Amino acid sequence: QVQLVESGGGLVQPGGSLTLSCVASGATFSRYDMGWFRQAPGEEREFVAAVRANGGYTYYADSVKGRFTISRDGAKTTVYLQMNSLKSEDTAVYFCAARTGKILSTIRNSEHWMYWGQGTQVTVSS
């Protein structure tokens, strides 16, 4: 069983930056793909970014590519989401997720992620 705890959300102005953190515990961190999803009011949960367990290959939604960076620190069992050039449409609750033993083609599908954090609110507004 993996426990995930996010932090770092808040209110930021358009064009600003924010870094989210997610600390994982309860399992061997290196064996898990780690990802970020987000959900705006009235919308479905959508894929934001992910980093694979081995090799650290990263994947991004088109809407955040070039602005967001996902990274992982094995020593701290933490995954980060650095968000730059934030837009109002980035406003959502951001969820950290973990999974293991899944094929790459399912990485953008929330149904194929096994563990979830409680979420952290990000609001982009002037």
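Throughout, residue positions are numbered sequentially from 1 according to the sequence presented. Keep in mind the model is a prediction, meaning the values are calculated, not measured.
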### Listed partners of Q39 passing side-chain contact (heavy atoms from CB on, under 4.5 Å), at least two apart
R45, F95
### Query
Quick one: OG on S25 to CD on Q1, what's the gap to the nearest 0.5 Å?
10.0 Å
#### Entry: Residue pairs, two or more places apart or on separate chains, that pass side-chain hydrogen bond (donor to acceptor under 3.5 Å, both in side chains) and touch residues 67-79
R67-D90
### Query
How would you list, by chain and number, every residue that makes a ring pair (Phe, Tyr, Trp, His ring centres under 6.0 Å) with F47, sequence neighbours excluded?
F37
### Query
When Ile, Leu, Val, Met, Phe, Trp and Tyr are grouped by side-chain heavy atoms lying under 4.5 Å apart, directly or through other members, which residues fall in the same group as Y115?
V2, L4, V12, L18, L20, F29, Y32, M34, W36, V48, V51, Y60, V64, F68, I70, V79, L81, M83, L86, Y94, M114, V122, V124
### Query
Tell me, which pairs form a side-chain hydrogen bond (donor to acceptor under 3.5 Å, both in side chains) where one or both residues lie in residues 103-113, sequence neighbours left out?
R99-T106
### Task
Would you please name every residue forming a side-chain hydrogen bond (donor to acceptor under 3.5 Å, both in side chains) with E89, sequence neighbours left out?
none
### Message
On a heavy-atom basis, which atom in S126 and which in P14 lie closest, and how many Å separate them?
### Response
N-CD, 3.7 Å
### Message
In the structure I gave you, are the side-chain heavy atoms of L104 and Y59 within less than 4.5 Å of one another anywhere?
### Response
yes
### Query
Is it the case that T19 and Q82 place a side-chain donor and acceptor less than 3.5 Å from each other?
yes
### Message
Tell me if a side-chain donor or acceptor on E6 pairs with a main-chain N or O of G119 at a distance below 3.5 Å.
### Response
yes
### Query
Judged by atom type as modelled, is there a donor-acceptor pair below 3.5 Å linking the side chain of D33 to the main-chain atoms of A53?
yes
### Query
Which pair of non-hydrogen atoms, one from Q121 and one from V93, has the smallest distance, and what is that distance?
OE1-CG2, 3.2 Å
### Query
Can you name the closest pair of heavy atoms from A92 and R38 and give their distance?
CB-CB, 3.8 Å
### Query
Cluster question for you: counting only ILVMFWY and a side-chain heavy-atom cut-off of under 4.5 Å, with indirect links fine, are V23 and Y80 together?
no
